Number of protein chains: 2
Amino acid sequence: MKSSQQRLDDIIAKLRLNKFRITPQRLAILKVFLNSTEHPSVERVYKQVRADFPTTSLATVYKTVHLLKEIGEILEIGFADGRNRYDGLKPYPHPHLICMKCKAIIDPKLSNLDHLTSEVEQASGYQILSHQLEFFGICPACQKK
Amino acid sequence: MKSSQQRLDDIIAKLRLNKFRITPQRLAILKVFLNSTEHPSVERVYKQVRADFPTTSLATVYKTVHLLKEIGEILEIGFADGRNRYDGLKPYPHPHLICMKCKAIIDPKLSNLDHLTSEVEQASGYQILSHQLEFFGICPACQKK
DNA sequence: TCTTTACTAAGAACAATTATCCTTGAACTG
DNA sequence: CAGTTCAAGGATAATTGTTCTTAGTAAAGA
Ligand SMILES: [Mn+2]
Ligand SMILES: [Mn+2]
Ligand SMILES: [Zn+2]
Ligand SMILES: [Zn+2]
């Protein structure tokens, strides 16, 4: 498991390589992603960054999220109701488990799904590029209420 | 396999039972869903209904979609970009295969996923109520271009 | 018939995201 | 270290899919 610091350095190197500027705002946003296990929303990231950089605009967060998505360093978990969430720790397709009450999102342990993908690919003739799997339910904490 | 007509009658009975009125608009919208294998969008349904009822408003379609979702007779396939699609033929969770170019959506044949659900339920302590699984790729027709 | 309630059409409101436009500052040059 | 340049940031308007509100209509019930 790569350290958070190492990961940060790698992404910075990748940004430099692609001629993207390393700005304080980008660094701040990036750090939020690399230190969040809770799959934060844009709004969440914005609030956190504002704590250190009070002038940061929401548009900048959106732009940076877009950039990080583009270079494959964060994963977008898209929801129909427009409350997208992001995973900066595992930026590749993997299942998610969502509490319908408190909106907590965790990564469930689950056996690999590659066989499913190839099963579908074989049967359909589609060339499959990615997938998204979400389970919706009630978390243990919310069940108690 | 229940006939489309039988299904329509059943849903009408269910609506009546729950004191919802059977209006021409609702019937028209319902029929579009029961005769579409292509997972239509709200906009698509709207256009189709307008052909027979030119004064129908988009809001009515949204409301009817909401109602049919509520009573469990259509399945919403939610997308983050706000282009939701619906399945009136199989109104229960099942995988979908989406072409990223032409946006075609089909139901891939795929072995049952219940074991996955219980695997996650066991390991996490969450009570799982539903799930959503999508594969994104390029359909055979679009691959040729 | 009179009353009550559900429903529809139209358009306003809403909320997340994107575009615009001007200003700023990161990175490169010498 | 300047000086230069153009990508990036800040502020805010526009967009877009969806939901809400309102006022009018039609059906059901007394
Ligand atoms: Mn995750
Ligand atoms: Mn389907
Ligand atoms: Zn919860
Ligand atoms: Zn296609």
Side-chain angles (χ1 to χ4, degrees), chain A residues 11-32 39-71 73-86 103 105, chain B residues 11-32 39-71 74-86 103:
Chain A
I11 297 176
I12 291 172
K14 188 191 243 183
L15 285 171
R16 258 196 243 286
L17 194 71
N18 293 95
K19 307 286 185 211
F20 293 112
R21 293 182 184 163
I22 314 302
T23 65
Q25 293 89 337
R26 282 182 174 168
L27 271 183
I29 293 166
L30 195 42
K31 279 177 186 162
V32 172
H39 304 85
S41 63
V42 165
E43 200 63 35
R44 193 84 199 57
V45 174
Y46 176 62
K47 284 210 182 92
Q48 206 137 342
V49 169
R50 292 280 285 204
D52 295 329
F53 291 84
T55 70
T56 307
S57 111
L58 192 51
T60 297
V61 180
Y62 274 105
K63 286 175 193 166
T64 304
V65 163
H66 186 82
L67 172 63
L68 293 174
K69 217 168 44 173
E70 205 72 8
I71 66 171
E73 294 295 345
I74 61 174
L75 175 79
E76 182 176 72
I77 312 166
F79 292 101
D81 68 355
R83 309 267 156 95
N84 290 359
R85 305 276 289 266
Y86 298 87
K103 310 297 176 193
I105 302 184
Chain B
I11 298 175
I12 290 173
K14 188 191 240 180
L15 285 170
R16 260 195 242 288
L17 194 70
N18 291 97
K19 306 284 186 214
F20 293 112
R21 293 191 187 153
I22 314 301
T23 64
Q25 292 88 341
R26 282 183 176 168
L27 268 184
I29 293 166
L30 194 43
K31 279 178 188 162
V32 171
H39 304 84
S41 64
V42 165
E43 199 63 36
R44 193 83 197 59
V45 174
Y46 177 61
K47 284 211 182 95
Q48 205 135 346
V49 169
R50 291 282 284 203
D52 293 330
F53 292 85
T55 70
T56 308
S57 97
L58 192 53
T60 297
V61 179
Y62 274 107
K63 282 184 185 166
T64 304
V65 164
H66 183 81
L67 172 63
L68 293 175
K69 215 169 47 176
E70 206 72 8
I71 66 170
I74 62 173
L75 175 79
E76 182 176 73
I77 312 165
F79 293 101
D81 67 355
R83 309 271 156 92
N84 290 359
R85 304 277 289 264
Y86 298 87
K103 310 298 177 192

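Model, not experiment: these values are computed from the prediction. Letters A, B, ... are given to chains in the order of the sequence lines, protein chains preceding strands, and every chain is numbered from 1.
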For the base of D/dC6, is there a side-chain donor-acceptor partner from A/Arg21 under 3.5 Å away?
yes
Would you mind reporting whether A/Gln48 and A/Ile29 have side-chain heavy atoms less than 4.5 Å apart?
no
On the nucleotide D/dG9, are OP1 or OP2 found under 4.0 Å from the side-chain N or O atoms that A/Ser57 carries?
no
Base, sugar-phosphate alone, or nothing: which one does A/Asn84 contact when heavy atoms must sit under 4.0 Å apart?
sugar-phosphate
Any side-chain heavy-atom pair of B/Thr60 and B/Thr23 under 4.5 Å
no
Heavy-atom count check: over 12 atoms from other residues, nucleotides or ligands less than 6.0 Å from B/Arg50 CZ?
yes
B/Lys19 NZ to C/dT4 P, straight-line distance once rounded to whole Å:
19 Å
Comparing A/Ala80 and A/Arg50 on DNA chain D - which has the more 5′ nearest nucleotide
A/Arg50
Side chains of A/Ile77 and A/His39: closer than 4.5 Å at any heavy-atom pair?
yes
Take the protein atom CG of A/Asp81 and the nucleotide atom C1' of C/dC14, then report the distance between them rounded to whole Å.
14 Å
Could you tell me whether the phosphate oxygens of D/dT18, OP1 or OP2, come under 4.0 Å of any side-chain nitrogen or oxygen in B/Tyr62?
yes
Classify B/Gln25 by what it touches in the nucleic acid, base, sugar-phosphate, or nothing, heavy-atom distance under 4.0 Å.
sugar-phosphate
note: A/Phe79, atom CZ; D/dG17, atom C1'; distance rounded to Å ~ 18 Å
How many whole angstroms separate atom CZ of A/Arg26 from atom P of C/dA26?
12 Å
Could you give the CZ-to-P distance, from A/Arg85 to C/dT17, as a whole number of Å?
12 Å
Given DNA chain D, 5'-ward residue of the pair B/His66 and A/Leu67, judged by closest heavy atom:
A/Leu67
Starting from C1' on C/dA27, measure out to CG on A/Asn18 and report it in whole angstrom.
16 Å
Could you tell me how far apart A/Arg16 (CZ) and C/dA27 (C1') are, to the nearest whole angstrom?
10 Å
Quick note, B/Phe20 side chain, CB onward, closest among C/dT8, C/dC7, D/dG9 is C/dC7
Any side-chain N or O of B/Thr55 below 4.0 angstrom from OP1/OP2 of C/dA9?
yes
From the options B/His66, B/Lys69, B/Arg85, select the one residue that forms a side-chain hydrogen bond (donor to acceptor under 3.5 Å, both in side chains) with B/Glu76.
B/Lys69
Selection from D/dT21, C/dA15, D/dT18 that lies nearest to any side-chain heavy atom of B/Lys63:
D/dT21
In this structure, how many angstroms lie between the P atom of C/dA27 and the CD1 atom of A/Ile22, rounded?
6 Å
Reading DNA chain C from 5' onward, which residue's closest nucleotide shows up sooner: B/Thr23 or B/Ala59?
B/Thr23
